[in-house]
Every structure is written in C-alpha cells, then in structure tokens.
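Here is the structure we will look at.
Numbering of residues begins at 1 and proceeds along the displayed sequence. Just the heavy atoms: all of them, side chains too, but no hydrogens, waters or symmetry mates, feed the values below.
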Amino acid sequence: MFGMIRNSLFGSAELWPCQVLSKGEKDEVAYEERTYEGGKFATVELTGKPFDEALREAVLKLLKYVGGSNDQGAGMGMMAPVCTTVFPAEDGSLQHKVKVLLRIPSQFQANPPSPTDESIRIEEREEMAVYSTQFGGYAKEVDYVQYAAKLTSAIGNEKIYHKDFYFCNGYDPPMKPYGRRNEVWLLKK
C-alpha cells in the first residue's frame, strides 16, 4: 500500500486546468482572479476534528483512491492542488468541518473508477471563478487563516465573494521541503 501512495506522490502532478483573468496587488499581497474548469472530483467530508488533523486524514484517503484503491485497481496519477473547503467561525478560526476535493485526472474524467472507501464520493462540480493568493512553506491552519484575511483585505469590499467558506489549497507532496506552493481561494459570487 505504501508503494502505491509513494508512486502517486513522486510522480508529477497534473494541474487542475485554470485561466488567469487578472492580477492585482495591494498592501504587499499579490492576488489573481482565475476560473477553474468544472468536472468530476473525489471528495471526502470530515467533521469533529481540527483542520490539520482532518486534512491529513482526508488527503490520505484520496491518495489511496488515486493510487489504486478503487474498483478498477487503477493508478490514476495525481492532480494538484488538493482543495479543501473550510468554514470560518465568527473569530476567523476554522470550524471542525472540512470537505477535501481532488479533481479526477483527465484520462479518468469521463468514467472515474468507483472508490472502495465508502467515505469517498465522486461529485460533478461546475466551473468556478476565484480570487487567489499564494504562499510557501508547510501550511497549517494558522497560515491559511492569516492569508485568507490578507486576501480579503487586499481585494476589498467592492468584490463580491462567498464569506461563509473558502478554499485552502496545497500543491506539493509532504516530502518536498523547498519551493512549496499553497493558496487560499475566495469563491466569486
């Protein structure tokens, strides 16, 4: 099993197709407006656990799925980013509820293998437009919360986006120590 996960982590990840519509910068926060293609996604929802713990658990399930724990035994390769929907509490901290999404790799989009893990669902999702900001390092809850606040401040009040949730995105396998890419996305209304 570890071999399957290792292969999917060390292989090069296919990037979720997107288009950059505009770029901006305010108060030293660079951000982009992008649209991401819709399609089929493997999703895991977890409640009752802190963000960092829930994310680790959900990502492991999704990596096993794309690594071959599915009805076809197919090693599908990896998509980036792993996208986590989070729900901020009144004080800005994250509620103990996450929904982790992994876009099904292109060659399996038409007919994704069924997960053997019953906690994984396959969902069809629409194209979406987001405001995004990027940062490095090993991202934890505090980092995502901090950059979500910076992005919110940078794009200002004239932009219309969902405030009851946002997306935390990781692009890199855990064993990549340098040049890590993390992003926060606010979904445009």
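- The shortest heavy-atom contact between Pro105 and Gly77 is CG-O, 3.6 Å.
- Taking hydrophobic clusters as Ile, Leu, Val, Met, Phe, Trp and Tyr residues chained together by side-chain heavy-atom distances below 4.5 Å, Val29 does not share a cluster with Leu187.
- At a threshold of 4.5 Å between non-hydrogen side-chain atoms, the residues Lys99 and Val44 do not count as touching.
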Test log, rule side chain to side chain contact (heavy atoms under 4.5 Å, CB included), inputs Leu186 and Val130: CA-CA 5 Å; Leu186 302 176; Val130 301; over 6 Å; no

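- Of all the heavy atoms in Met128 and Trp16, the pair that sits closest is CE-CH2, 3.5 Å.
- Across every non-hydrogen atom of Met79 and Pro17, the tightest pair is CE-CD, 4.4 Å.
- For Glu53, the CD atom sits in a packed shell: over 12 heavy atoms of surrounding residues, nucleotides or ligands are nearer than 6.0 Å.
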Under the side chain to side chain contact (heavy atoms under 4.5 Å, CB included) rule, what do Ser69 and Lys61 come out as? Steps first, then yes or no, please. CA-CA 9 Å; Ser69 291; Lys61 288 173 181 280; over 6 Å; no

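- Listed for the Thr152 side chain is a donor-acceptor partner under 3.5 Å among the backbone atoms of Ala148.
- Residues Pro88 and Tyr166 form a side-chain contact, since some pair of their non-hydrogen atoms from C-beta on lies under 4.5 Å apart.
- Residues meeting the side-chain hydrogen bond (donor to acceptor under 3.5 Å, both in side chains) test with Thr35, sequence neighbours left out: none.
- Across all non-hydrogen atoms, the minimal contact from Arg34 to Cys18 is CD-SG, 3.9 Å.
- Residues meeting the side-chain hydrogen bond (donor to acceptor under 3.5 Å, both in side chains) test with Lys176, sequence neighbours left out: Asp172.
- Taking Phe108 as the reference, nothing meets the ring pair (Phe, Tyr, Trp, His ring centres under 6.0 Å) condition, with sequence neighbours excluded.
- For the pair Cys168/Trp185, no side-chain contact is recorded, criterion being any heavy-atom separation below 4.5 Å from C-beta on.
- A distance of 10.5 Å separates OG of Ser132 from CD1 of Ile155, quoted to the nearest 0.5 Å.
- In this structure, a donor-acceptor pair under 3.5 Å is present between the side chains of Glu33 and Ser22.
- Hydrophobic clustering places Leu151 together with Phe87 (ILVMFWY residues linked when any side-chain heavy atoms are closer than 4.5 Å, directly or through intermediates).
- By the 6.0 Å contact criterion, CD on Glu25 is enclosed, its count of non-hydrogen atoms from other residues, nucleotides or ligands being greater than 12.
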Could you go through the salt bridge (Lys or Arg N to Asp or Glu O under 4.0 Å) check for Glu123 and Arg103 one step at a time? CA-CA 9 Å; Glu123 282 183 18; Arg103 192 170 195 274; over 6 Å; no

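- Between the side chains of Tyr171 and Glu183, a donor-acceptor pair is found at a separation under 3.5 Å.
- A chain of hydrophobic side-chain contacts below 4.5 Å, direct or via other Ile, Leu, Val, Met, Phe, Trp or Tyr residues, connects Val98 to Val59.
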For the pair Arg121 and Phe41, evaluate side chain to side chain contact (heavy atoms under 4.5 Å, CB included) and give the outcome as yes or no after the intermediate values. CA-CA 8 Å; Arg121 300 265 176 266; Phe41 290 76; over 6 Å; no

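- Evaluation of the ring pair (Phe, Tyr, Trp, His ring centres under 6.0 Å) rule for Tyr144 yields Phe51, Phe135 as partners, not counting sequence neighbours.
- Among Val145, Thr84, Val142, the one residue that satisfies the side-chain contact (heavy atoms from CB on, under 4.5 Å) test with Leu94 is Val145.
- Minimum heavy-atom separation, Tyr65 to Pro113: OH-O, 2.5 Å.
- Here the rule is side-chain contact (heavy atoms from CB on, under 4.5 Å) with Leu62, and of Thr43, Leu102, Asp117 only Leu102 fits it.
- The heavy-atom pair separating Ile104 from Ala42 by the smallest distance is CD1-N, 3.9 Å.
- The side-chain heavy atoms of Tyr36 and Glu127, taken from C-beta on, include no pair separated by under 4.5 Å.
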Can Val184 and Phe167 be said to form a side chain to side chain contact (heavy atoms under 4.5 Å, CB included), step by step? CA-CA 6 Å; Val184 170; Phe167 301 110; over 6 Å; no

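- At a threshold of 4.5 Å between non-hydrogen side-chain atoms, the residues Ser106 and Glu14 count as touching.
- Considering only residues two or more places apart in sequence or on other chains, Thr116 meets the side-chain hydrogen bond (donor to acceptor under 3.5 Å, both in side chains) condition with none of them.
- By the 4.5 Å heavy-atom criterion applied to side chains, Val100 and Val82 are counted as neighbours.
- Under a 3.5 Å cut-off, the side chain of Asp52 and the backbone N or O of Lys140 do not form any donor-acceptor pair.
- The main-chain N or O of Gln72 is found under 3.5 Å from a side-chain atom of Asn70 such that the two form a donor-acceptor pair.
- Under the salt bridge (charged side-chain N to carboxylate O under 4.0 Å, His left out) criterion, Glu124 pairs with Lys40, not counting sequence neighbours.
- Rounded to the nearest 0.5 Å, atoms CG (Leu46) and NZ (Lys97) are 12.0 Å apart.
- Note on Phe165: it clusters hydrophobically with Val86, by side-chain heavy-atom contacts below 4.5 Å among ILVMFWY residues.
- Taking hydrophobic clusters as Ile, Leu, Val, Met, Phe, Trp and Tyr residues chained together by side-chain heavy-atom distances below 4.5 Å, Leu21 does not share a cluster with Tyr131.
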